[in-house]
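Convention: sequence-line order gives letters A, B, ...; per-chain numbering from 1.
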2 protein chains.
Amino acid sequence: MANLNSNGCVDCRKRSDMFKNLNPGELEHVDMCRVKMHYNVGEMIFKQGSPCYDFVCVTSGLVKLYVENGSDRRLIIGFAKPVDYIFVPGAYVDKRHHFSAMACEETTACLVEAEIIQGLIKTKPDFSYQSISKISAQAINLFEQLTNLTQKQMPGRMADMLINLSTKVYESNPFFTHLSRQDFADLSGMTKESAIRVLKIFKDDGLIKIEGDLIHILDMPRLEGISRNG
Amino acid sequence: MANLNSNGCVDCRKRSDMFKNLNPGELEHVDMCRVKMHYNVGEMIFKQGSPCYDFVCVTSGLVKLYVENGSDRRLIIGFAKPVDYIFVPGAYVDKRHHFSAMACEETTACLVEAEIIQGLIKTKPDFSYQSISKISAQAINLFEQLTNLTQKQMPGRMADMLINLSTKVYESNPFFTHLSRQDFADLSGMTKESAIRVLKIFKDDGLIKIEGDLIHILDMPRLEGISRNG
DNA sequence: CTGCTTTGTTGATATAAATCAACACCGGCA
DNA sequence: TGCCGGTGTTGATTTATATCAACAAAGCAG
């Protein structure tokens with residue numbers, strides 16, 4: 001991994017699109033305030049409610065982003081994968097994290113001081129326009145999640161979740177995943193038991209096939225139908 | 001109303017904070033591409049799925065923002081009131097609206113060509129930083145709505161909704177509202193019948209008092225407790 | 001290897017919430 | 001005036017989903 005960015009941000013082959021219009025001087029500035037981190041599976045990158053000092057750019061692995069209630073329930077609102085820069089809205093509001101980030105696979109990430117990024121937004125119009133575009137796309141995703149989770153029942157929510165995993169997160173079918181049944185439940189707003197039951201129905205109906213960590217979507221059109229019709 | 005901005009944006013007393021750091025020349029540019037509109041109760045300002053050409057700044061009245069499924073259910077994701085500039089994330093992604101906006105009271109609004117606003121974002125770092133701050137606050141609201149709607153049951157959702165109406169939307173207690181029971185239901189993710197039942201329980205328990213369009217919150221601490229504990 | 005913890009699975013039961021149905025109330029309108 | 005469509009209200013019933021309980025399977029530590 002080290003050789004991929006041995007010369008820092010300037011030559012980093014895993015650089016996020018976000019930084020493509022910065023000049024070498026600006027990149028070096030980012031580079032100087034950058035810390036490279038490694039996280040094991042299950043390790044927390046930041047926790048909801050904690051102060052935010054750094055912005056996180058995922059360079060390898062997979063990170064789940066989730067909100068938690070006071071109670072024991074969680075809701076996964078998205079994933080960050082290489083090369084995603086995790087947008088932290090709290091940085092612009094109250095300097096607190098409003099969701100938690102945890103590594104679901106072995107993950108490496110670069111941390112950059114929030115001040116640096118915010119400085120770029122204030123001075124580089126191009127950079128800030130790109131930021132707004134990214135945030136906008138995330139907001140649209142949140143709208144979709146809201147309708148999905150509140151206006152569909154379990155099979156619809158699960159179908160939608162599986163389609164998203166295959167097309168957006170892992171971008172393959174079949175796909176390998178280390179997500180637990182609890183994660184599946186936290187993604188589709190139900191209990192672990194219910195998630196297992198719905199998956200079983202899908203398996204029995206020939207919609208999907210599960211072989212350990214490998215999930216095949218066998219009948220995408222029908223799964224899309226279930227997602228649409230709730 | 002007309003006298004409030006007879007000289008256009010430059011002297012408009014209802015001007016959004018967003019525009020406070022623009023110089024007169026820039027304001028005049030905005031002014032030239034501005035259309036003043038009036039909407040009656042129930043009239044749609046824009047509809048989910050339609051192309052977006054203009055940005056909307058509400059100068060009087062109240063606007064509800066909601067997402068709709070293919071089915072007949074809606075979910076109100078927020079309100080815009082004077083002087084709110086409605087952020088349209090689709091403008092930065094696919095030039096489509098991803099939620100609908102409808103007047104819940106007699107409403108006036110200024111429409112400004114999206115290009116003009118996007119031009120400002122590209123040229124005025126200050127303006128774009130403010131935009132990002134606003135969008136961030138909205139995103140945080142969406143997170144709260146997500147946990148609220150998916151991890152609480154009906155009394156908790158309704159309590160949260162009432163507190164929000166009183167503290168954020170109408171900013172008074174008691175507050176007058178022209179929202180229907182269906183709107184209450186669409187705000188708290190339940191059916192109209194369920195909304196009525198929960199409100200009745202709250203009334204019987206002495207938490208609130210409803211006199212026509214006037215709603216009193218009588219026991220805020222207890223309502224907050226219900227909101228927290230689901 | 002053995003015990004132990006975590007994760008996955010299944011069935012029985014309880015309960016939250018939607019649906020269905022009926023009707024009261026009100027405002028506009030013929 | 002009386003009809004009529006929308007809104008509000010209530011009760012009975014059904015259904016979706018959580019909860020509870022028991023156990024199997026898999027990883028891990030001693």
Side-chain angles (χ1 to χ4, degrees), chain A residues 40-43 64 69 71-76 102 104-106 147-161 177-204 208-215 226-227 229-230, chain B residues 40-43 64 69 71-75 102 104-105 147-161 177-204 208-215 226-227 229-230:
Chain A
N40 293 314
V41 175
E43 280 184 345
K64 65 179 172 190
N69 220 2
S71 71
D72 52 350
R73 297 190 62 179
R74 295 170 168 186
L75 188 73
I76 297 177
M102 181 185 281
C104 357
E105 295 170 12
E106 295 281 303
T147 42
N148 193 41
L149 291 173
T150 59
Q151 309 196 346
K152 289 180 191 173
Q153 48 204 49
M154 295 199 298
R157 303 205 296 271
M158 180 63 78
D160 194 82
M161 196 267 300
T177 177
H178 298 119
L179 297 176
S180 67
R181 300 301 147 126
Q182 186 62 58
D183 287 328
F184 280 27
D186 293 345
L187 270 164
S188 41
M190 60 185 83
T191 59
K192 186 182 59 169
E193 293 95 323
S194 292
I196 289 167
R197 273 183 255 266
V198 175
L199 284 174
K200 186 178 157 66
I201 293 170
F202 283 4
K203 275 189 286 186
D204 293 348
I208 59 171
K209 187 167 70 172
I210 300 182
E211 293 168 316
D213 283 351
L214 186 65
I215 297 183
I226 292 171
S227 164
N229 302 321
Chain B
N40 293 314
V41 176
E43 279 183 347
K64 66 179 172 189
N69 221 0
S71 72
D72 51 352
R73 295 190 63 178
R74 296 170 169 186
L75 188 72
M102 182 185 281
C104 351
E105 295 170 13
T147 43
N148 193 42
L149 291 172
T150 59
Q151 309 196 346
K152 288 180 191 173
Q153 48 203 49
M154 295 198 300
R157 303 205 296 269
M158 180 63 78
D160 193 84
M161 197 265 303
T177 177
H178 298 117
L179 296 176
S180 67
R181 302 299 148 127
Q182 186 62 57
D183 287 328
F184 281 25
D186 293 345
L187 271 163
S188 41
M190 60 184 82
T191 60
K192 186 181 59 169
E193 292 95 321
S194 293
I196 290 167
R197 273 183 256 268
V198 175
L199 284 174
K200 185 177 158 68
I201 293 169
F202 284 4
K203 276 189 286 185
D204 292 349
I208 60 171
K209 187 166 71 171
I210 301 182
E211 294 169 313
D213 283 350
L214 186 66
I215 297 183
I226 292 171
S227 164
N229 301 321

| Nearest-angstrom distance from the residue atom CD1 of B/Ile201 to P of C/dA16 | 11 Å

| field | B/Asp213 CG - C/dG27 P separation (whole Å) | value | 11 Å

| remark: For B/Leu149 and B/Gly189, the nearest pair of non-hydrogen atoms, with its separation, is CD2-N, 4.0 Å

Residues 190-204 of chain B, side-chain donor-acceptor partners within the protein, below 3.5 Å, at least two apart:
from: B/Thr191; atom 1: OG1; to: B/Ser194; atom 2: N; distance (Å): 3.3
from: B/Thr191; atom 1: OG1; to: B/Ser194; atom 2: OG; distance (Å): 3.2

| said: Taking side-chain contact (heavy atoms from CB on, under 4.5 Å) as the definition, give me every residue that meets it alongside B/Gln151, ordered by chain and number, with sequence neighbours left out. | reply: A/Asn69, A/Arg73, A/Leu75, B/Thr147

Pull out every protein N or O sitting under 3.5 Å from an N or O of nucleotides 18-21 of chain C, one pair per line with the distance.
from: C/dA18; atom 1: OP2; to: B/Ser194; atom 2: OG; distance (Å): 2.6
from: C/dT19; atom 1: O4; to: B/Arg197; atom 2: NH2; distance (Å): 3.0
from: C/dC20; atom 1: N4; to: B/Glu193; atom 2: OE2; distance (Å): 3.4

| request: First locate atom OG1 of B/Thr150, then atom CZ of B/Arg157, and finally report the distance between them rounded to the nearest 0.5 Å. | output: 9.5 Å

| request: Report the distance from atom OG of A/Ser227 to atom CG of A/Asn148, rounding to the nearest 0.5 Å. | output: 6.0 Å

| message | Can you measure B/Leu199 atom CG to C/dA17 atom P for me and round it to whole angstrom units? | response | 14 Å

Expected list for residues 180-187 of chain B: side-chain donor-acceptor pairs under 3.5 angstrom, two or more places apart:
from: B/Ser180; atom 1: OG; to: B/Gln182; atom 2: N; distance (Å): 3.3
from: B/Ser180; atom 1: OG; to: B/Asp183; atom 2: N; distance (Å): 3.1
from: B/Ser180; atom 1: OG; to: B/Asp183; atom 2: OD2; distance (Å): 3.4
from: B/Gln182; atom 1: NE2; to: B/Asp186; atom 2: OD1; distance (Å): 3.1
from: B/Asp183; atom 1: OD1; to: B/Lys64; atom 2: NZ; distance (Å): 2.6
from: B/Asp183; atom 1: OD2; to: B/Ser180; atom 2: N; distance (Å): 3.1

| query | Who are the side-chain contact (heavy atoms from CB on, under 4.5 Å) partners of B/Asp213, not counting sequence neighbours? | reply | B/Phe176, B/His178

Report all interatomic pairs (protein N or O, nucleotide N or O of nucleotides 5-8 of chain D) with separations under 3.5 Å.
from: D/dG8; atom 1: OP1; to: B/Arg181; atom 2: N; distance (Å): 3.4
from: D/dG8; atom 1: OP2; to: B/Arg181; atom 2: N; distance (Å): 3.1

| request: In whole angstrom, give the distance that lies between atom CE of A/Met158 and atom P of D/dA16. | output: 16 Å

| request: State the CG-CD distance between B/Asn229 and B/Gln153, to the nearest 0.5 angstrom. | output: 11.0 Å

